[in-house]
Amino acid sequence: MTVTATDDLIQETSPESTTLVLVVNAGSTLDPVYDAINPDDVVVSVTDNDTAGITVNPTTADVTEGGATDTFDVVLNTQPTGDVVIDIANTADATVDLNTLTFTTLNWNVPQTVTVTATDDLIQETSPESTTLVLTVNAGSTLDPVYDAINPDDVIVSVTDNDTAGITVNPTTADVTEGGATDTFDVVLNTSRRATW
Ligand SMILES: [Ca+2]
Ligand SMILES: [Ca+2]
Ligand SMILES: [Ca+2]
Ligand SMILES: [Ca+2]
């Protein structure tokens with residue numbers, strides 16, 4: 001008899017043990033001696049070929065304040081035994097359209113696309129600026145202990161600035177008269193100052 005492992009898509013404890021039970025089918029034999037015999041069972045050791053993991057692709061994004069957005073995909077490498085929920089945290093400089101991704105036993109192999117948008121502030125910053133979107137498995141919401149222990153890759157985002165610091169004086173002329181008309185001009189900053197200044 002040939003024994004074949006069931007090639008599933010789940011990471012399991014390896015090797016796993018399973019037992020093939022052999023019985024004499026009493027109804028199909030006319031031999032009362034063999035009807036009474038219980039043959040030995042076969043204990044099978046199954047070595048797993050699945051490695052759980054979370055693929056984040058790509059792990060970089062390029063976005064521009066008030067301009068281009070970018071995307072990355074997330075997908076599981078093996079079938080989970082329960083829901084796997086991945087949280088993605090916004091930063092001050094970049095946000096995502098999906099802060100939570102849920103992978104189930106059915107959709108685990110379908111990549112989910114996340115869109116990254118730059119925060120369009122009013123501050124001139126070093127450009128491009130780098131910010132990191134941190135991905136974590138929400139252990140409290142999953143029934144899969146293997147995925148609970150996995151730390152997915154983070155996404156490094158390059159943010160291009162669209163602000164130029166400057167001081168606007170308007171108008172830059174004034175007309176006044178001795179003993180008579182006064183005139184005015186306005187002064188304003190073109191960008192917000194940094195809170196740390
Ligand atoms: Ca397999
Ligand atoms: Ca397996
Ligand atoms: Ca801006
Ligand atoms: Ca800015």
Side-chain angles (χ1 to χ4, degrees), residues 1-20 42-57 60-72 74-84 88-97 103-111 114-134 137 142-150 152 154-170 186-197:
M1 299 235 190
T2 302
V3 182
T4 304
T6 303
D7 190 4
D8 60 26
L9 297 168
I10 303 170
Q11 178 182 322
E12 293 133 317
T13 305
S14 185
E16 213 175 9
S17 179
T18 189
T19 302
L20 300 174
V42 177
V43 177
V44 182
S45 172
V46 182
T47 301
D48 198 20
N49 69 350
D50 301 291
T51 304
I54 299 169
T55 297
V56 180
N57 184 40
T60 58
D62 290 305
V63 295
T64 301
E65 286 187 21
T69 60
D70 205 352
T71 63
F72 62 90
V74 181
V75 68
L76 304 190
N77 300 347
T78 62
Q79 184 177 23
T81 55
D83 285 359
V84 176
I88 307 171
N90 291 334
T91 73
D93 298 305
T95 58
V96 291
D97 63 333
F103 292 94
T104 69
T105 56
L106 298 177
N107 76 355
W108 61 274
N109 57 350
V110 179
V114 178
T115 299
V116 184
T117 302
T119 302
D120 190 5
D121 60 27
L122 298 169
I123 304 170
Q124 179 181 333
E125 292 134 308
T126 305
S127 185
E129 207 174 13
S130 181
T131 188
T132 301
L133 299 171
V134 176
V137 173
T142 174
L143 299 177
D144 188 317
V146 172
Y147 274 98
D148 276 0
I150 291 177
D154 298 330
V155 174
I156 310 294
V157 182
S158 171
V159 182
T160 300
D161 198 21
N162 71 348
D163 301 292
T164 304
I167 299 170
T168 298
V169 180
N170 183 42
D186 293 331
V187 180
V188 67
L189 305 187
N190 298 346
T191 61
S192 176
R193 71 183 181 88
R194 289 170 182 273
T196 52
W197 283 2

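All ligand and atom numbering here is 1-based and tracks the order in the structure.
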(request) May I ask you to test the Val114-Asp97 pair for a side-chain heavy-atom distance under 4.5 Å? (result) yes

(request) Check all N, O or S atoms of Glu125 and name the one closest to the Ca ion (ligand 4). (result) OE1

(request) Answer whether the closest heavy-atom distance between the side chains of Thr117 and Thr95 falls below 4.5 Å. (result) yes

(request) Determine whether more than 12 heavy atoms belonging to other residues, nucleotides or ligands lie under 6.0 Å from atom CG of Leu20. (result) yes

(request) Answer whether the closest heavy-atom distance between the side chains of Asp161 and Pro128 falls below 4.5 Å. (result) no

(request) Tell me which N, O or S atom of Glu65 sits nearest to the Ca ion (ligand 3). (result) OE1

(message) Within the 4.5 Å heavy-atom criterion, are Asp62 and Asp70 side-chain neighbours or not?
(response) yes

(request) Could you tell me which N, O or S atom of Asp121 is nearest to the Ca ion (ligand 4)? (result) OD1

(message) Whether the Thr78 and Tyr147 side chains hold a donor-acceptor pair (N or O, under 3.5 Å, no angle test) is what I'd like checked.
(response) yes

(request) For the Ca ion (ligand 4), decide whether Leu122 has an N, O or S atom at a distance under 3.0 Å. (result) no

(message) So that I can check it, does any N, O or S atom in Asp120 come closer than 3.0 Å to the Ca ion (ligand 4)?
(response) no

(request) Return the name of the atom in Asp161, of element N, O or S, nearest to the Ca ion (ligand 4). (result) OD1

(message) Given the Ca ion (ligand 3) as the apex, I'd like the angle to OD2 of Asp163 and OD1 of Asn162, rounded to 10 degrees.
(response) 90°

